[in-house]
Amino acid sequence: MVEAKTTRAVRLAALARYFTAFADPAAPVGLCSPQAAPADNFSPATFLPNDEVQRFVADCYTHGWVLDGFDWAAWAQTPKAQRLRDDPTALARASERQLARLLTTVIRQDRFVEGALAAAFASGLISGILRRAGALSEAASQGDE
């Protein structure tokens with residue numbers, strides 16, 4: 001049982017440690033760079049995340065915040081997902097599982113929708129997730145599960 005608590009504490013702390021870096025939704029998280037294309041063709045911009053964002057995403061994978069076998073695209077359309085995404089009060093009460101689902105959705109969506117991750121930072125969704133992870137981490141370290 002101690003190992004499960006340690007793993008949970010480490011997992012939460014790994015996420016919560018990014019709160020300070022990403023607390024300000026206006027803080028730069030990367031560069032938006034237009035792709036070269038012939039004059040008569042449209043070419044969308046490419047988002048290039050900065051080093052801190054790249055470490056954050058890697059840590060999300062390393063610590064199990066990006067879920068395998070989860071239908072994130074379908075879940076993102078549910079009222080519960082939309083409420084967690086759009087309502088800071090709901091996000092402030094989210095479970096660890098819900099945080100993992102949100103992170104999985106945002107990180108995987110970015111592979112298909114250029115800038116989805118940048119938009120999640122700009123909207124304050126990521127800082128809200130990190131704030132909640134910090135609260136859960138503090139509660140776990142105090143034994144208030």
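Just so we're clear, the structure is a prediction, and the values are computed from it rather than from any experiment.
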Test log, rule side-chain contact (heavy atoms from CB on, under 4.5 Å), inputs Leu103 and Leu15: CA-CA 11 Å; Leu103 286 167; Leu15 191 57; 3.7 Å; yes
Step-by-step side-chain contact (heavy atoms from CB on, under 4.5 Å) determination, Arg97 to Leu67: CA-CA 9 Å; Arg97 183 80 172 159; Leu67 304 172; 3.7 Å; yes
Mind running side-chain contact (heavy atoms from CB on, under 4.5 Å) on Thr105 and Phe70 for me, showing each step along the way? CA-CA 9 Å; Thr105 300; Phe70 168 58; 4.1 Å; yes
Which atom names give the shortest non-hydrogen contact between Ala92 and Arg132, and what distance separates them? O-CD, 3.2 Å
Just to verify, what does Thr20 make a side-chain contact (heavy atoms from CB on, under 4.5 Å) with, not counting sequence neighbours? none
If the threshold is 4.0 Å, N to carboxylate O, is there a salt bridge linking Asp68 and Arg108? yes
Please name the pair of heavy atoms, one in Leu12 and one in Ala140, separated by the smallest distance, quoted to 0.1 Å. CD1-CB, 4.2 Å
Please step through side-chain contact (heavy atoms from CB on, under 4.5 Å) for the pair Gln98 and Arg93, ending with a clear verdict. CA-CA 10 Å; Gln98 290 170 323; Arg93 293 188 309 264; over 6 Å; no
Test your reading of the model: is there a side-chain donor-acceptor pair from Ser137 to the backbone of Ala133, 3.5 Å cut-off? no
Would you say Leu99 and Leu91 make side-chain contact, with heavy atoms under 4.5 Å? yes
Less than 3.5 Å apart, which donor and acceptor atoms pair up between the side chains of residues 53-66 and the rest of the protein, not counting sequence neighbours?
residue: Gln54; atom: NE2; partner: Pro49; partner atom: O; Å: 2.9
residue: Arg55; atom: NE; partner: Glu52; partner atom: OE1; Å: 3.4
residue: Arg55; atom: NH2; partner: Glu52; partner atom: OE1; Å: 2.6
residue: Asp59; atom: OD2; partner: Arg17; partner atom: NH2; Å: 3.1
residue: Asp59; atom: OD2; partner: Tyr18; partner atom: OH; Å: 2.6
residue: Tyr61; atom: OH; partner: Arg111; partner atom: NH2; Å: 2.9
residue: Thr62; atom: OG1; partner: Ala58; partner atom: O; Å: 3.0
residue: Trp65; atom: NE1; partner: Arg11; partner atom: O; Å: 3.1

CH2 (Trp75) and CD (Gln82) are apart, to the nearest 0.5 Å, by 9.5 Å
Shortest non-hydrogen pair, Leu136 vs Ser95, comes out as CD1-C, 4.3 Å
Here the pair of heavy atoms bringing Leu84 nearest to Leu125 is O-CD1, 4.3 Å
